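Input: a single structure, listed below in structure tokens.
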Amino acid sequence: GAFTFLGDFMNGGRLCQYDLRREGLGGIHDWIDREGITVLNMPPPVFRNIFSNLPPGRRFASVRVIVLSGDTMIRREVDLCRAHFNPDCGLVNMLAMSEVGLVSRHRLDLAQDTGQVIPVGTPFASVDVSIVNEAGEFLPPGQEGLIRISTRYLSRDPRLGSNASSDIRLVLDEATG
């Protein structure tokens, strides 16, 4: 959202948007070069579609950081970065939610080996993330369950009016208010 672009603008950046629906995938590679795009921000499946069918050796020298969020990042995205971007290009897996904003991030080192699924990383200081079962009980590391996010900075969903507590997914607790 707009929150993530504020730092870019304050440091002399500009926002460049490519309309995939109107322009299609075919022109985006030349657009990245022509505009000198330095930061790419998109969901992993879109990234996969854009960069999967490039010829070997096709590189994007201007791109310094790739931020992927909105879906599961897998090893395929890391392999595509290694194949088409400079070795010092940053790759970031970001977890964000509209009710909470930025939750966590994981910056990958392209020189290191990765697993099949890339972790979402470490939560930001104002966010506590845990895994719980259907009853809301905390689960030990390695167990599958529901993501529980606690923060004092919960955004109220405008569809719910001023009372977010009417949505069972958004529960106020004593620790976070």
Side-chain angles (χ1 to χ4, degrees), residues 1-8 15 17-18 20-21 25 39-52 63-85 89-177:
F3 171 77
T4 59
F5 296 111
L6 183 59
D8 299 335
L15 175 64
Q17 293 182 306
Y18 184 86
L20 279 173
R21 287 188 184 137
L25 292 176
V39 179
L40 287 175
N41 192 334
M42 63 187 68
V46 174
F47 182 84
R48 226 173 290 137
N49 284 331
I50 291 171
F51 297 102
S52 285
V63 178
R64 296 185 321 217
V65 177
I66 300 165
V67 179
L68 302 180
S69 65
D71 205 335
T72 303
M73 184 194 294
I74 58 176
R75 183 185 185 106
R76 179 78 180 124
E77 284 82 55
V78 178
D79 293 340
L80 288 169
C81 284
R82 289 178 181 143
H84 300 294
F85 298 90
C89 179
L91 177 59
V92 178
N93 191 13
M94 188 83 70
L95 175 62
M97 297 176 186
S98 47
E99 298 85 2
V100 180
L102 299 175
V103 175
S104 65
R105 74 170 170 222
H106 179 68
R107 185 174 177 118
L108 288 89
D109 180 350
L110 294 180
Q112 291 185 343
D113 193 25
T114 62
Q116 191 59 29
V117 176
I118 309 305
V120 294
T122 305
F124 290 96
S126 62
V127 179
D128 180 53
V129 178
S130 51
I131 304 299
V132 298
N133 62 19
E134 293 284 339
E137 301 164 330
F138 293 97
L139 295 174
Q143 296 291 308
E144 289 187 19
L146 304 171
I147 299 174
R148 177 183 184 268
I149 298 174
S150 299
T151 180
R152 297 183 56 85
Y153 306 104
L154 182 66
S155 173
R156 304 295 188 211
D157 187 331
R159 297 168 294 180
L160 301 174
S162 62
N163 187 5
S165 62
S166 65
D167 184 342
I168 60 169
R169 298 168 299 156
L170 305 177
V171 179
L172 300 178
D173 63 27
E174 294 174 14
T176 59

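As the structure is a computational prediction, the values presented were derived from the model and not from experiment.
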Can you tell me how far the CD atom of Q143 sits from the CG atom of N133, to the nearest 0.5 Å? 10.0 Å
Taking it one step at a time, do V92 and R107 satisfy side chain to side chain contact (heavy atoms under 4.5 Å, CB included)? CA-CA 4 Å; V92 178; R107 185 174 177 118; 4.2 Å; yes
If you apply the rule side chain to side chain contact (heavy atoms under 4.5 Å, CB included), what do you find for I131 with I147, and how did you get there? CA-CA 5 Å; I131 304 299; I147 299 174; 4.2 Å; yes
Non-hydrogen side-chain atoms of L68 and M42 separated by less than 4.5 Å: yes
Derivation of the side chain to side chain contact (heavy atoms under 4.5 Å, CB included) call for I74 and R48: CA-CA 10 Å; I74 58 176; R48 226 173 290 137; 4.0 Å; yes
Residue pair I66 / C81, side-chain heavy-atom distance below 4.5 Å: yes
For the side chain of N93 and the backbone of P119, is there at least one donor-acceptor N/O pair under 3.5 Å apart? yes
Backbone N or O of G121 within a donor-acceptor pair of the R105 side chain at under 3.5 Å? no
List the steps, then state whether salt bridge (Lys or Arg N to Asp or Glu O under 4.0 Å) holds for R76 with D79. CA-CA 5 Å; R76 179 78 180 124; D79 293 340; 5.3 Å; no
In this structure, which one of V117, L80, T114 forms a side-chain contact (heavy atoms from CB on, under 4.5 Å) with R75? T114
Derivation of the side chain to side chain contact (heavy atoms under 4.5 Å, CB included) call for E77 and F51: CA-CA 9 Å; E77 284 82 55; F51 297 102; over 6 Å; no
Non-hydrogen atoms of L139 and E144 that approach each other most closely: CD1-O, 3.3 Å
Smallest heavy-atom separation, S69 atom then P44 atom, equals O-CD, 3.5 Å
Looking at V63 and C89, what are the two nearest heavy atoms and their distance? O-SG, 3.8 Å
Measure the spacing between CZ of R82 and CG of L110 and express it to the nearest 0.5 Å. 6.0 Å
Hey, could you give me the OG/CD distance between S130 and E137, rounded to the nearest 0.5 Å? 12.5 Å
Does any non-hydrogen side-chain atom of F47 lie less than 4.5 Å from one of M73? no
